[in-house]
Amino acid sequence: MAVALLEERTATAREREAFDALGAVMDPELDEPVTDLGFVRSVDVLGAGAPATVVVHLRLPTSFCSPNFAYLMASDAKDALRALPWAEHVVVELDDHHDSDLINAGLAADAGYKGTFRHEAEHDLAELRETFRRKAHTAAMERCLTALLRAEPTRGVESLADVTLADLPAGRYTDALLRRRGALGLPADAVVDPDARVMVDHTGAGCAPADAGLLLRKARATRVSIDGNAHFCRGLLRTRYDGSGADQVERSDGAEPADARYARALPLTVIRSGKDTP
Amino acid sequence: MYSKDGEDYFIVDAHVALWDGRPENQRNVHGKQFIDCFYDYHRNLSPEHAQWSYEEYLYQGGERLMKDLFEDGYVDHAIFQPAYLFEFYHRGFGQTDEASALAAAHPDRLTYNHYWDPRNGERGLAQLREDAERFGLKGVKLYTAEWYGDSRGWKLDDPWSYRYLEAAQELGIRNIHIHKGPTIRPLDRDAFDVADIDKAATDFTELNFVVEHCGLPRLEDFCWIATQEPNVHAGLAVAMPFIHTRPRYFAQIMGELLYWVGEDRIQFSSDYALWTPRWLVESFVDFRIPEDMTEYAAITTEQKKKILGLNAAKMYDIPVPAELRLPDADETETGPRGADDLVPA
């Protein structure tokens with residue numbers, strides 16, 4: 001292997017800017033930015049003048065993470081970096097994945113998803129994105145409604161069918177739900193749409209009070225799954241890449257006592273620059 | 001057998017392997033990536049005292065397996081569920097000859113399941129008939145994300161897959177263990193999608209479909225199909241070790257499975273050699289749903305006994321001492337089992 005190039009140095013303003021831009025890139029399955037998950041391995045900006053080159057390396061928890069999601073995140077990263085006015089040339093590479101060669105060649109050539117995976121792809125990834133947008137909404141809805149049940153122990157589960165946006169307390173769960181609703185094109189403003197029902201599917205259709213219990217249970221399974229996957233993926237990344245825990249931002253949903261060892265109170269202040277070679 | 005606090009537990013480890021991940025067997029970089037991925041799972045989820053060195057992890061051999069399962073691990077009976085992975089390993093990953101010979105030498109202790117790949121067409125069907133006779137197959141392990149030339153996976157409801165399931169039914173191979181991995185064609189959709197299992201389970205009602213890893217990372221999709229199909233079961237491979245570092249997540253998995261699938265259709269396994277059974281059995285017997293998780297009912301000792309062995313023993317006709325047997329729960333065949341319908345949140 002190559003000589004280890006690990007070095008910590010203060011990021012330049014542009015590297016900081018590039019990292020912040022990557023904050024818009026989501027892992028659709030885990031419903032979190034790749035920057036919070038620690039998936040950004042390095043950010044380097046070459047050249048101090050107006051047109052510069054930005055080189056980003058991404059890493060994932062295993063070699064066998066789904067190639068479609070891997071491609072999706074890597075290509076979204078390239079798009080996000082290209083939007084930076086000074087980034088004339090953008091290089092995004094995915095490291096240590098079973099499809100790294102294929103994906104990196106596809107990204108370099110801007111071949112697109114179908115051009116990259118050829119015979120393995122039939123359509124683009126719009127449907128896949130939509131599937132996980134719906135799951136993210138379902139989980140956010142369950143968090144809000146379960147919090148309501150816990151806060152009001154006498155409330156019956158049937159009454160959840162009629163809960164409206166105006167009934168939700170201000171806070172993190174409600175904000176998250178409104179964002180997920182917005183992504184699906186559902187009414188997403190508690191002031192403008194106070195009467196909009198909370199317990200709805202992706203089309204906005206509500207349910208009868210008698211069905212609310214079962215729908216809450218279904219939604220709960222989705223929430224448990226997403227939280228569980230998110231923490232397992234974080235844990236595997238820390239196991240695979242020594243020190244990567246320092247690049248992760250704490251996730252409180254689904255957190256357990258064992259996570260106290262890794263929890264970070266503050267987001268990243270330093271960007272790891274230059275590839276660390278195992 | 002495991003005994004604690006006056007209770008005896010008959011243990012069936014329903015998913016074990018005898019693998020060879022050593023460099024000399026690796027066909028390409030993917031062979032290394034695959035065993036390394038397993039090793040990261042092992043390191044990430046095992047308690048410190050149960051962690052192996054990388055060298056130990058690459059290959060165990062039959063003697064070590066017998067010790068880990070039956071001497072140290074409380075296991076009464078174990079079932080081999082091999083993965084072939086011929087595109088990654090010269091002699092395959094699961095060691096057919098060694099594992100089947102071990103099972104033949106210890107028929108009271110071990111059952112050997114084999115595998116098939118429907119992309120082998122007629123040739124594979126003929127091979128399946130030979131294998132059924134050679135190994136006396138009661139079950140198979142299918143890995144739908146197996147690579148094969150340009151193909152990186154297949155679905156259980158493919159036309160050729162149905163030919164194999166028809167043959168299995170005819171040959172008396174009743175137990176279909178199925179695992180999904182992340183690469184499958186076409187890549188456009190969710191690679192862990194379990195809808196094909198739903199279809200096959202509806203069309204082959206005489207077969208049992210044990211979904212390994214209880215559908216993880218798609219627990220919710222699995223629960224939703226399993227609750228509607230009386231012949232779909234949950235295998236706990238890879239789910240079990242969360243009991244150590246992520247006990248709350250494990251409690252949620254168990255709570256969901258007991259609610260949607262019921263206590264008679266969940267099977268314990270260590271997924272040896274990913275993990276070893278001793279600490280898993282001990283932890284599970286001691287396990288309680290955290291008190292603040294009022295949305296889930298407590299797990300009973302009877303439920304633990306069924307999950308740890310009685311359910312798989314029934315599926316595989318493994319003899320269980322009369323005093324350890326338990327009757328089936330009085331639960332609906334389909335739909336939520338209502339284990340906790342009194343506790344909405």
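Computed from a prediction, not measured in an experiment: that's the story for all the values here. The sequence lines fix the lettering, A, B, ..., with proteins before strands; numbering per chain opens at 1.
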Okay, A/Cys65 and chain B: the region with an atom under 4.5 Å from a heavy atom over there is backbone

Do you see a donor-acceptor pair shorter than 3.5 Å between the side chains of B/His15 and B/Asp271? yes

One option among B/Asp150, B/Asp36, B/Ile184, B/Thr245 has the most heavy-atom pairs under 4.5 Å with chain A, and it is B/Asp150

Ranked by heavy-atom pairs below 4.5 Å to chain A, first place among B/Ile253, B/Asp188, B/Asp40 goes to B/Asp188

Greatest number of non-hydrogen atom pairs under 4.5 angstrom with chain B, of A/Glu127, A/Arg240, A/Lys218, falls to A/Lys218

Filtered by a 4.5 Å non-hydrogen cutoff, the part of residues 131-141 of chain A contacting chain B is A/Phe132, A/Lys135

Pair count under 4.5 Å, heavy atoms only, with chain A: among B/Cys37, B/Gly181, B/Ala191, B/Pro247, highest is B/Pro247

Applying a strict 4.5 Å limit to non-hydrogen atoms, the region of A/Phe117 in contact with chain B is side chain

Salt-bridge present (B/Glu256, A/Arg217; N to O < 4.0 Å):
yes

Counting heavy-atom pairs under 4.5 Å with chain A, the top scorer among B/Arg246, B/His30, B/Gln252 is B/Arg246

Original post:
Salt-bridged, A/Asp110 to A/Lys78, with N to O below 4.0 Å?
Top reply: yes

Turns out that what part of B/Phe88 lies under 4.5 Å from chain A's heavy atoms comes down to side chain

When the 4.5 angstrom heavy-atom criterion is applied to B/Cys223 and chain A, the contacting part is neither

Okay, A/Arg129 and chain B: the region with an atom under 4.5 Å from a heavy atom over there is neither

Note to self: Before we go on, tell me: are the rings of B/Trp147 and A/His98 under 6.0 Å apart, centre to centre?
What the structure shows: yes

Note: vs chain B, highest number of non-hydrogen pairs under 4.5 angstrom among A/Ile226, A/Asp227, A/Asp99, A/Leu145 is A/Asp99

Max heavy-atom pairs within cutoff under 4.5 Å with chain B, candidates A/Ser66, A/Ala258, A/Pro153, goes to A/Ser66

A/Asp27 meets the salt bridge (charged side-chain N to carboxylate O under 4.0 Å, His left out) criterion, sequence neighbours left out, with none

Residues passing the salt bridge (charged side-chain N to carboxylate O under 4.0 Å, His left out) test with A/Glu152, sequence neighbours excluded, are A/Arg155

Whatever's closer than 4.5 Å to a heavy atom in chain A on B/Asp221 counts as side chain

- Task: Evaluate the criterion salt bridge (Lys or Arg N to Asp or Glu O under 4.0 Å) for residue pair B/Arg22 and B/Asp20; output intermediate values, then yes/no.
- Result: CA-CA 6 Å; B/Arg22 289 176 291 191; B/Asp20 186 352; 3.1 Å; yes

Comparing A/Tyr71, A/Phe232, A/Phe69 against chain B, the one with the most heavy-atom pairs below 4.5 Å turns out to be A/Phe232

Does any N or O in the side chain of A/Arg59 come within less than 3.5 Å of the main-chain N or O of A/Gly38, such that one atom is a donor and the other an acceptor? yes

Cut-off 4.5 Å, heavy atoms of chain B, and the answer for A/Ala255 is backbone

If one checks every heavy atom of B/Phe34 against chain A at 4.5 Å, the contacting part turns out to be both

Under 4.0 Å between a Lys/Arg side-chain N and an Asp/Glu carboxylate O for A/Glu29 and B/Arg218? yes

Turns out that what part of A/Ser63 lies under 4.5 Å from chain B's heavy atoms comes down to side chain

Will you find, in the side chains of A/Asp95 and A/His57, an N or O donor that is under 3.5 Å from an N or O acceptor? yes

**OP:** Specify whether B/Tyr41 and B/Trp275 have parallel, tilted or perpendicular ring planes, treating 30° as the upper limit for parallel and 60° as the lower limit for perpendicular.
**Re:** tilted

Assign the ring pair B/Tyr115 / B/Tyr84 to parallel, tilted or perpendicular, where the plane angle (0 to 90°) is split at 30° and 60°. parallel

Hits for salt bridge (charged side-chain N to carboxylate O under 4.0 Å, His left out) against B/Asp286, two or more places apart or cross-chain, chain-then-number order -> B/Lys4

Open item on the list: Keeping A/Asp162 on the side-chain end and A/Ser159 on the backbone end, is there a donor-acceptor pair under 3.5 Å?
Closed with: no

